[in-house]
Structures are given as structure tokens and as C-alpha cells.
Amino acid sequence: QLQLVESGGGLVQPGGSLRLSCAASGFTLDYYVIGWFRQAPGKEREGVSCFNGRDYSTSYADSVKGRFTISRDNAKNTVYLQMNSLKPEDTAVYYCGAAFIRNLRATTESLCVSSQQDYWGQGTQVTVSS
């Protein structure tokens, strides 16, 4: 059974840090772009950061560049999102998504959109507030 399980959300003060984890089971990440998406109340789900399992390239939304870092642990089949210098506007439910790489010429950025995801995790709440 293919599954993505997120963990690591919570409440943090502005300027603080959190690390999110997305553990994949039932498939290998080698053929997927796997990444993090977030959805704030009243807003559409947006791509935050993605990791390409084939060429190890990464993509980041402009709003998180320089603050968030995505990484992968091959042995654990897990992708992490290290979030530093958190801001109140980062508050959202964060979802892990996986997009199968059907076109080898597709860029990581082009696959880091909600409509391209084949699998989703259940989501984890991140709240940045003092």
C-alpha cells in the first residue's frame, strides 16, 4: 500500500524553527518528485519545496528561499523540510505530495504543483504565533 506519513508540525514563535518529516512506504522515492505543499485557510494549496528523486534537484517557492531546506534520507525513504526563521505567514496545514516522473524532461519546479501529485499525506498543522 502506497502511503505518505507526515510528522513534525506544531506551534512555534516567529523566528523559530521546525523540521517536518515525510515517510514514504510502499514505493521508492527514486521515480518521484516528492515535496511539501501548504494550505492556509481560504487559500489554495501551494507548492513550497520539492525534491527530485532521479536527479536530486530541488525547487523552492520564492517566499521560503533562504529559510527552508529540503533533504532526503535514502535509507529511511524519508524527505525532510527544515524550516528556519519562521514567520506568521508560514502558518498553514503542510502536506507531503509525490508526483511520478512520467516525463524525464520535466523540471522539478514543473512537478512541484498540486495538480501533478499522485499521492498525498494527511497533513500536519504548522502555526507560527507569539
S.K.: Run Tyr31 and Leu29 through side chain to side chain contact (heavy atoms under 4.5 Å, CB included) and show every step you take.
M.R.: CA-CA 6 Å; Tyr31 305 106; Leu29 299 178; over 6 Å; no

S.K.: Does Asp90 use its side chain to pair, donor to acceptor, with the backbone of Lys87 at less than 3.5 Å?
M.R.: yes

S.K.: Can you say whether the rings of Tyr119 and Tyr32 are parallel (under 30°), tilted (30 to 60°) or perpendicular (over 60°)?
M.R.: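 Tilted, since the angle between the ring planes falls between 30° and 60°.
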
S.K.: Would a 4.5 Å heavy-atom cut-off, applied to side chains only, mark Tyr56 and Arg72 as touching?
M.R.: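 SC-SC contact between Tyr56 and Arg72 confirmed.
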
S.K.: Measuring only between side-chain heavy atoms, which start at C-beta, is Gln122 closer than 4.5 Å to Glu6?
M.R.: yes

S.K.: Below 6.0 angstrom between ring centroids: does that apply to Phe68 and Tyr60?
M.R.: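 Judged by ring-centre distance (under 6.0 Å), Phe68 and Tyr60 do not meet the cut-off.
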
S.K.: Without swapping roles, check the side chain of Arg45 against the backbone of Gln39 for a donor-acceptor pair under 3.5 Å.
M.R.: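 Not confirmed, Arg45 side chain does not pair with Gln39 backbone.
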
S.K.: Does Glu109 CD have over 12 foreign heavy atoms under 6.0 Å away?
M.R.: no

S.K.: Would you please test Phe27 and Gln3 for side chain to side chain contact (heavy atoms under 4.5 Å, CB included) and show each step?
M.R.: CA-CA 8 Å; Phe27 66 104; Gln3 195 173 14; over 6 Å; no

S.K.: What distance do Glu44 atom CD and Ser114 atom OG have between them, rounded to the nearest 0.5 Å?
M.R.: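 These two atoms lie 8.0 Å from each other.
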
S.K.: Does Ser57 reach the main-chain N or O of Asp55 with its side chain, forming a donor-acceptor pair under 3.5 Å?
M.R.: no

S.K.: Under 3.5 Å, is there a donor-acceptor pair between the side chain of Asn52 and the main chain of Thr108?
M.R.: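 Not at all, since once roles are kept as given, no pair shorter than 3.5 Å links the two residues.
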
S.K.: In the hydrophobic clustering that connects Ile, Leu, Val, Met, Phe, Trp and Tyr at side-chain heavy-atom distances below 4.5 Å, which members other than Phe37 occupy its cluster, ordered by chain and number?
M.R.: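 When side chains under 4.5 Å apart are linked, the cluster holding Phe37 also contains Val93, Tyr95, Trp120.
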
S.K.: Just do the side chain to side chain contact (heavy atoms under 4.5 Å, CB included) check on Trp36 and Val79 with the steps written out, would you?
M.R.: CA-CA 9 Å; Trp36 291 95; Val79 172; 4.0 Å; yes

S.K.: Does the side chain to side chain contact (heavy atoms under 4.5 Å, CB included) test come out yes or no for Leu104 and Arg54, once each step is laid out?
M.R.: CA-CA 9 Å; Leu104 295 180; Arg54 291 190 64 88; 3.3 Å; yes

S.K.: Report, one line per pair, each donor and acceptor closer than 3.5 Å where one atom sits in a side chain of residues 10-26; sequence neighbours left out.
M.R.:
| residue | atom | partner | partner atom | Å |
| --- | --- | --- | --- | --- |
| Ser17 | OG | Asn84 | OD1 | 2.9 |

S.K.: For the OG1 atom of Thr124 and the CZ atom of Arg38, what is their distance to the nearest 0.5 Å?
M.R.: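 CZ of Arg38 is found 14.0 Å from OG1 of Thr124.
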
S.K.: Decide yes or no on side-chain hydrogen bond (donor to acceptor under 3.5 Å, both in side chains) for Thr91 and Thr127, but give the supporting numbers first.
M.R.: CA-CA 5 Å; Thr91 295; Thr127 303; 5.3 Å; no

S.K.: Are Val33 and Ile70 grouped together when hydrophobic residues (ILVMFWY) are joined by side-chain heavy atoms under 4.5 angstrom apart?
M.R.: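 Hydrophobic grouping puts Val33 apart from Ile70.
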
S.K.: Could you tell me whether Glu89 atom CD has more than 12 heavy atoms of other residues or ligands within 6.0 Å of it?
M.R.: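 Counting neighbours around CD of Glu89, more than 12 heavy atoms of other residues, nucleotides or ligands fall under 6.0 Å, so yes.
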
S.K.: Between Val48 and Leu111, is there shared hydrophobic-cluster membership here, with clusters defined by ILVMFWY side-chain heavy atoms closer than 4.5 Å?
M.R.: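 No, no single cluster joins them.
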
S.K.: Going only through I, L, V, M, F, W and Y residues with side-chain contacts under 4.5 Å, is there a path from Val126 to Tyr80?
M.R.: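 No, Val126 and Tyr80 fall in different hydrophobic clusters.
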
S.K.: Same cluster for Phe100 and Val113 if Ile/Leu/Val/Met/Phe/Trp/Tyr side chains link at under 4.5 Å?
M.R.: no

S.K.: Would a distance-only check, ignoring hydrogens and angles, find a side-chain to backbone donor-acceptor pair under 3.5 Å from Gln117 to Ala98?
M.R.: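 Looks like yes, one N/O pair under 3.5 Å.
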
S.K.: What pairs of residues pass the disulfide bond (SG atoms under 2.5 Å apart) test when at least one of them lies in residues 39-77, not counting sequence neighbours?
M.R.: Cys50-Cys112

